[in-house]
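Here is the structure we will look at, set down as structure tokens.
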Amino acid sequence: RRVLFRSEEEFLSGNIPLKIKILTEIIEREKTFDYITKEQLINDLDKLHLNDVSVKNFEDLVINVNAEFIEKKYLEKFLKNKFEFNGNDFFTFSKEKGFVITQKSFQNSYQLNQFSVSGKNKSIGGYSVLSDIINDKSFQYTYKVKSGDKEIIYKDIKAIKEAQLKGKQLKSEWKSYLFSLSPEEQTKILEDYNKVFCSNVPKKFNGNYLDFSDIKGINNIHEHQSNGTSMILQNDGGIIDHKVGAGKSIVMFASAIKLKESGLKKKPLITCLLPTAEQIYKEFKFHYPNAKILLANPEPSSKLSPEEQR
């Protein structure tokens, strides 16, 4: 099945690994096409590889204990070995609640209780420390001191430091555990990681093909302005979040003109706050003096002439 891409930017974005797989199969099967040579296909494949952001080596991955993309069985096996627990399915993991221990037999186990930390006035249970570590929460351990009729709350620095040390140790052991997995398991984890995080490459826009010679008052348009205009033309809109003073107004004016000139839009509409409408109109007319612009509903105090308002 023939697939067409509207532009090079679109070809070099999206699901790059899938495109590499398809194009590699086409080249290996030595399929021929009337409209493209094998050399061109190989050149396109090289371009795809250059834009592929997939992680190639398992050693380069940084996998948190609470990583959502990794199968639950790996964390379960790690915790069973760490705390010498023989049960199964003793916790749940969800986006809403994070890591939650569901079996009291694990919560009250001897090895997990050994994971507790000594607070100023009380001991913080091992299950609470473990949950905070896996959920990547900051440790908020406190103690109260009476001062007359009031109670003053202080951070339990000793307990917090002890918990941080346990967290650092647990994460180090988790990393060692992952590296001890079989090559097949590591390959599956790497594939899952790339599928979630590296299968969609954002489109990069290049506005070098656009002509901005009709803009008055500017010698050279900046690269980020031409690229922003190209993005709006190709995406039929978009958000320009450049910093103040970077020339977003020029992008707005140029995009409106290009949309009309290209036939993509008949009458591009610029909406703005009413107090700024007159200023935007004047700037637009300054840079494009021959453009036909309608300023709708100007403020009653507007100093524009009827001709200008039209």
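Residues take their numbers from the sequence shown, with the count starting at 1. As the structure is a prediction and not an experimental result, all values here were calculated from the model.
In this structure, Asn15 contributes its side chain and Leu18 its backbone to a donor-acceptor pair below 3.5 Å. In this structure a side-chain-to-backbone donor-acceptor pair under 3.5 Å is missing from Lys120 to Lys155. Judged purely by atom type and a 3.5 angstrom limit, Asn113 uses its side chain to pair as donor or acceptor with the backbone of Asn108. In this structure, Asn135 contributes its side chain and Lys137 its backbone to no donor-acceptor pair below 3.5 Å. Between the side chain of Gln103 and the main chain of Asn88, a donor-acceptor pair closer than 3.5 Å is present. Here the side chain of His242 pairs no donor or acceptor atom with the backbone of Gly228 at under 3.5 angstrom. Proximity of a side-chain donor or acceptor of Ser147 to a complementary backbone N or O of Lys150 within less than 3.5 Å is not detected.
In this structure, Lys104 has no salt bridge (Lys or Arg N to Asp or Glu O under 4.0 Å) partners at least two apart in sequence or on a different chain. For the side-chain hydrogen bond (donor to acceptor under 3.5 Å, both in side chains) test, residues two or more places apart in sequence or in another chain that qualify with Lys72 are Asp89. Shown here are the side-chain hydrogen bond (donor to acceptor under 3.5 Å, both in side chains) partners of Glu173, two or more places apart in sequence or in another chain: Lys82, Gln169. Partners of Asp132 according to the side-chain hydrogen bond (donor to acceptor under 3.5 Å, both in side chains) rule, which considers only residues two or more places apart in sequence or in another chain, are Tyr141. Applying the side-chain hydrogen bond (donor to acceptor under 3.5 Å, both in side chains) criterion to Ser213, with sequence neighbours excluded, gives Asp211.
For Lys265, the NZ atom counts as loosely surrounded, since its 6.0 Å shell holds 12 or fewer non-hydrogen atoms of other residues, nucleotides or ligands. Within a 6.0 Å sphere centred on NZ of Lys97, other residues, nucleotides and ligands contribute 12 heavy atoms or fewer. In the displayed structure, Tyr110 atom OH is contacted under 6.0 Å by at most 12 heavy atoms of other residues, nucleotides or ligands. Summarising the local packing, CD1 of Ile239 is surrounded by 12 or fewer heavy atoms from other residues, nucleotides or ligands at distances under 6.0 Å. Surrounding CG of Asp46 are more than 12 heavy atoms belonging to other residues, nucleotides or ligands, all under 6.0 Å away.
Not less than 6.0 angstrom separates the ring centroid of Phe253 from the ring centroid of Tyr288.
The aromatic rings of Phe106 and Phe90 sit tilted, their planes meeting at an angle between 30° and 60°. Note: Phe78 and Trp174 have perpendicular aromatic rings, judged against thresholds of 30 and 60 degrees for the angle between ring planes.
None of Ile16, Leu12, Ile42 except one satisfies the side chain to side chain contact (heavy atoms under 4.5 Å, CB included) rule with Lys47; the exception is Leu12.
Between Ser230 and Gln234, the side chains place a donor N or O and an acceptor N or O closer than 3.5 Å (distance only, hydrogens not considered). Inspection of the Ser109 and Gln111 side chains reveals no N or O donor paired with an N or O acceptor under 3.5 Å. No hydrogens or angles considered: nothing links the side chains of Thr142 and Gln140 as a donor-acceptor pair under 3.5 Å.
Electrostatic pairing of Lys80 and Glu76 does not count as a salt bridge here, judged by no charged N lying under 4.0 Å from a carboxylate O. Salt-bridge formation is not detected for the pair Asp156/Lys122: no Lys NZ or Arg NE/NH1/NH2 atom is positioned less than 4.0 Å from an Asp or Glu carboxylate oxygen.
No path of Ile, Leu, Val, Met, Phe, Trp and Tyr side chains, each step under 4.5 Å between heavy atoms, connects Tyr281 with Phe286, placing them in separate hydrophobic clusters. When hydrophobic clusters are built by joining Ile, Leu, Val, Met, Phe, Trp and Tyr residues whose side-chain heavy atoms come closer than 4.5 Å, directly or via intermediates, Val53 is not grouped with Val55.
Annotation for Ala163 and Val129: closest pair CB-CG1, 4.3 Å, computed over non-hydrogen atoms. Across every non-hydrogen atom of Glu162 and Ser116, the tightest pair is OE2-O, 3.9 Å.
A heavy-atom distance below 4.5 Å is found between the side chains of Leu45 and Ile27. Residues Leu79 and Tyr177 have side chains not in contact (no heavy-atom distance under 4.5 Å, counting atoms from C-beta outward).
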Enumerate donor-acceptor pairs with a distance under 3.5 Å from any side-chain N or O in residues 184-193 to protein atoms, sequence neighbours excluded.
unit_1: Glu185; atom_1: OE1; unit_2: Ser182; atom_2: N; d: 3.1
unit_1: Glu185; atom_1: OE1; unit_2: Ser182; atom_2: OG; d: 3.2
unit_1: Gln186; atom_1: NE2; unit_2: Leu178; atom_2: O; d: 3.2
unit_1: Gln186; atom_1: NE2; unit_2: Phe179; atom_2: O; d: 3.2
unit_1: Gln186; atom_1: NE2; unit_2: Leu181; atom_2: O; d: 3.3
unit_1: Thr187; atom_1: OG1; unit_2: Pro183; atom_2: O; d: 2.8
unit_1: Lys188; atom_1: NZ; unit_2: Asp192; atom_2: OD1; d: 3.1
unit_1: Lys188; atom_1: NZ; unit_2: Asp192; atom_2: OD2; d: 2.8

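To the nearest 0.5 Å, atoms CD1 (Ile160) and CG (Leu165) are separated by 14.0 Å.
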